[in-house]
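Working notes, beginning with the structure itself.
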Amino acid sequence: MTALAKLRGFREFGPDEMALRNHVFSRWRAVACGYGFSEYDGPPLEPLALYAEKSGDEIAGQLYEFVDRGDRRVALRPEMTPTLARMLGSRGRAMAKPIRWFSIPQLFRYERNQRGRLREHFQLNADIVGEAAVAADAEVLAVAVDAVRALGLGPADFTARVNDRRLVVAVLGALGVPSAAVGGCLEALDKAERTGPAASRQRLEALGLSSAQAEDLLGLAAAGAGSLDDLKRRFADAPEVLATAAPLEEHACLLEAMGLGAYAEFDFTVVRGLAYYTGIVFELFDRAGELRAICGGGRYDGLLGRLGGDPLPAVGFGMGDVVLGELLRERGLAPDGPPSFDFFVIWLEEAQRPLALEACRRLRKAGGSAVCALRPRSMRKHLAMAARSGARRAVVIGPDEAAAGAATVRDLETGEQERVALESLLPGGVARSPAGLANAGTGPESAHGEGDR
RNA sequence: GUGGGCGUAGCUCAGUCGGUUAGAGCGCCGGAUUGUGGUUCCGGAGGUCGCCGGUUCGAAUCCGGUCGUCCACCCCA
């Protein structure tokens, strides 16, 4: 629109959106911390070269890059892994393994926006570095699943599709696919669901597969195509396939033991676009299949070394806040709105104003939240305003109350009210009331102010 | 980056065949003789019809461009 308009693909967070964002972040943090992960962060602006090599052309083509005033080629970070790799490169050697780190970076990609895809988003990243065992893969997926579950979504709402790139490669080998065509086949598999069988088949044959081979492969990729056991029976005479299926079996077994069996399923078409994954990969989707991926991740054992750090094995995921937020709103799981506050303090005449201001001060000092009327108004107006402001209770200090050294406290939900002495309303009285301070907060965040009085 | 749908008040939209000062509902602000709320009634603010240009006596309306937005591709969170 005008030169002053918000840039496309960027977001503004009014109180409602901010409430949702804070809600999501706080649950993400709680889950990651619950698994013993430590939070870290890095610079949002990085040298372009950090992304030039590694991520491959896919992300490089979407970099939000420019030249700064010092003629440096820089980019807003499109992902967190290179930053993580650098941070570990300089201090990871000295750290006890495995390293469990998480972050909630704001990331930027210069792409055309669409539902669930903007130029800016927040992403929960959790990685385990320095452990090659499948247990680390399973644990990382468990963090991802729990991060979504903690927001109120269950097995009917979302699922994790799991696969292993090594298995796909082995299957292609068993089918006699020439090794030159393997990369192309991975891409075709990744897109099979969207492009449809006819187009996929064409694509595979263009890669040099026979029509029988293409047929076989698409059969494995067909929707709801069967379990890992089916695949093993099918390739019972191919030791490579059986061997590469073992990690996935252990993975499934571990998730089952963690009580998350209902959330994970084998899916031969999940190979992930990014070229750096080396083993087990996974994606989280809404069950209805209406939205884009909520989360994607997997094992990337070669990457840290290639980025110049120690060649440590690593596994991790990224979970965006945009698609997840859409899903939460759709399911009515977003918070109602900005948090409400405890007291709206009303005074009727100028003479009571100092009493009201003093009452507010003491209520806040006691850990409550209070708003004082800014102007004289009619009682009717004051109460209407208090009700719409989001306050839980109104405190009235008019001439009658002032003369009696009292205040009227009205519950704005029930309409019940009582007159209390000014002193007992103030810190002591609030603390005594069971419905008062103990529940004064609105969530985990509100715990901050309460301790330091 | 490629192709397509859509841009009228803060929001949802109406606006006839091109015709004078562009409308409604919700929301917002104020009031209904100053101590009890989200109801009702009255009043008010708020729009260069996304922007620029063209056609026309005359454009919210037709045409072109542009920007924004949404969808598909691409890619991915």
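The figures that follow rest on heavy atoms only: side chains count, while hydrogens, waters and symmetry mates do not. Since the model is a prediction, treat every value here as computed from it, not as a measurement. To find a chain, count down the sequence lines: A is the first, B the second, and so on, and within it residues start at 1.
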Quick test: give all pairs of protein nitrogen or oxygen and nucleotides 26-28 of chain B nitrogen or oxygen below 3.5 Å, distance rounded to 0.1 Å.
unit_1	atom_1	unit_2	atom_2	d
C28(B)	OP1	Arg388(A)	NH1	3.1
C28(B)	OP2	Arg388(A)	NH1	3.4

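Taking the P atom of each, G65(B) and U2(B) are spaced 14 Å apart, rounded to whole Å. Taking the C1' atom of each, G18(B) and U56(B) are spaced 9 Å apart, rounded to whole Å. G1(B) sits 28 Å from U61(B) when the P atoms are compared, rounded to a whole Å.
For A77(B), neither phosphate oxygen OP1 nor OP2 lies less than 4.0 angstrom from any side-chain nitrogen or oxygen of Arg77(A). An OP1 or OP2 oxygen of G30(B) is reached within less than 4.0 angstrom by no side-chain nitrogen or oxygen of Lys381(A). For G30(B), one of the phosphate oxygens OP1 or OP2 lies less than 4.0 angstrom from a side-chain nitrogen or oxygen of Arg375(A).
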For Arg329(A) and Glu326(A), run salt bridge (charged side-chain N to carboxylate O under 4.0 Å, His left out): C-alpha distance rounded to whole Å, both residues' side-chain angles, the deciding distance at 0.1 Å, then the answer.
CA-CA 5 Å; Arg329(A) 282 186 201 283; Glu326(A) 283 169 3; over 6 Å; no
Structure string for RNA chain B in dot-bracket form, Watson-Crick and G-U at under 3.5 Å, | interchain:
(((((((..((((.....[...)))).(((((.......))))).....(((((..]....))))))))))))....
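The side chain to side chain donor-acceptor pair (under 3.5 Å) analysis of residues 395-404 of chain A, with sequence neighbours excluded, yields the pairs Glu401(A)-Thr408(A). Pairs of residues two or more places apart, or lying in two chains, that qualify as salt bridge (charged side-chain N to carboxylate O under 4.0 Å, His left out) and include a residue from residues 35-46 of chain A are Arg29(A)-Glu39(A), Asp41(A)-Arg77(A), Glu46(A)-Arg86(A).
Among residues two or more places apart in sequence or in another chain, the ring pair (Phe, Tyr, Trp, His ring centres under 6.0 Å) test is passed with Trp347(A) by none. Every residue two or more places apart in sequence or in another chain that forms a ring pair (Phe, Tyr, Trp, His ring centres under 6.0 Å) with Phe25(A) is listed here: Trp28(A), Phe122(A).
Residue-level contact check: Asn125(A) touches neither bases nor backbone, having no heavy atom under 4.0 Å from any strand.
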